[in-house]
Amino acid sequence: LLTRAAAVIKYIIIAACVIGAGAMGYVGERFMRPTPSAPSGQAVTQELMFKMPLGKFTMQIMQSRKVLHLMFDMDVFVMGEVSFHEINGAVGRARLRDATVSAIAELAETDQSLAQPIAEETRKAELAAQIVRKLYVNFPAVRTARLNTFYSNISLRD
């Protein structure tokens, strides 16, 4: 009788160990499962940034004895889908274009280098960064911009 009880207890212990190991494996699987690698910072930034082409601008800025003619094509990049959809409507896009024209006009009054043609990509990037800093005040979702084309010309006033 004692050996039979010992054998039953032995089987109960084995069954409890098997059930316990199965339960631990089921619960612990989520901690042991390999996770996919996180995307690089560049990929995350590109997923979160939305390109908004502002189009071509043509401006004449009157200065004391000359007129500065500017023509440029610009894209801005907006952070976040919700902000992009808020700005992307007709009213938001018009406000952003007006703010861009104002920012360029302010820069033209203070930065004499706008009168020279800009061919270098680094100079275009600097100018785009200056514009973004001015736009950021009213449009904090605008994070960066790209000048696709930029032409400037000076004519003398009579």
Side-chain angles (χ1 to χ4, degrees), residues 19-158:
I19 291 172
M24 283 181 25
Y26 180 76
V27 172
E29 180 267 338
R30 86 178 104 209
F31 301 111
M32 303 288 286
R33 182 180 333 143
T35 58
S37 64
S40 67
Q42 179 85 9
V44 170
T45 303
Q46 288 178 350
E47 289 175 10
L48 298 176
M49 301 283 263
F50 292 88
K51 178 181 172 183
M52 181 181 292
L54 291 182
K56 294 183 179 181
F57 295 85
T58 303
M59 299 174 58
Q60 290 184 350
I61 299 170
M62 304 294 186
Q63 295 177 339
S64 61
R65 303 187 127 226
K66 57 188 174 184
V67 178
L68 178 60
H69 303 275
L70 299 174
M71 187 175 73
F72 56 96
D73 181 20
M74 184 173 168
D75 300 332
V76 295
F77 293 88
V78 178
M79 177 67 85
E81 184 177 359
V82 174
S83 299
F84 176 76
H85 288 297
E86 287 174 3
I87 297 174
N88 197 23
V91 174
R93 193 176 285 256
R95 285 183 52 231
L96 185 57
R97 283 182 60 89
D98 291 344
T100 303
V101 168
S102 298
I104 288 287
E106 288 176 22
L107 286 172
E109 291 175 3
T110 58
D111 190 359
Q112 298 300 320
S113 67
L114 286 181
Q116 284 83 32
I118 298 175
E120 301 172 11
E121 289 300 318
T122 56
R123 179 64 181 119
K124 283 183 182 179
E126 288 175 15
L127 182 58
Q130 289 175 331
I131 295 169
V132 168
R133 280 194 291 274
K134 291 193 176 288
L135 290 176
Y136 187 80
V137 174
N138 294 321
F139 298 93
V142 174
R143 297 303 168 106
T144 187
R146 181 179 62 216
L147 282 172
N148 299 322
T149 58
F150 184 86
Y151 301 106
S152 64
N153 190 8
I154 295 179
S155 61
L156 298 175
R157 283 178 34 170
D158 292 331

Quick one: side-chain hydrogen bond (donor to acceptor under 3.5 Å, both in side chains) pairs with a partner in residues 127-147, sequence neighbours left out? D75-R146, E106-K134, R146-N148

Of all residues at least two apart in sequence or in a different chain, which pass the side-chain contact (heavy atoms from CB on, under 4.5 Å) check with [X]?
X    : result
A141 : V78, S83, I87
T122 : E120
T149 : D73, Y151

Would you name the heavy atoms of S152 and L68 that are closest together and state the gap between them? CB-CD1, 4.4 Å

Side chain proximity check, [X] to [Y], heavy atoms < 4.5 angstrom:
X    : Y    : value
V76  : I131 : no
R95  : V91  : yes
I104 : F72  : yes
L135 : T100 : yes

Any chance you could measure L147, atom CG, to M74, atom CE, to the nearest 0.5 Å? 5.5 Å

Separation of L96 CG from F139 CZ (nearest 0.5 Å): 5.0 Å

Could you pull out every donor-acceptor pair under 3.5 Å between side chains of residues 51-59 and any protein atom, sequence neighbours left out?
none

So, using ring-ring contact (aromatic ring centres under 6.0 Å, His included) as the criterion, who are the partners of F84 when residues are at least two apart? F50

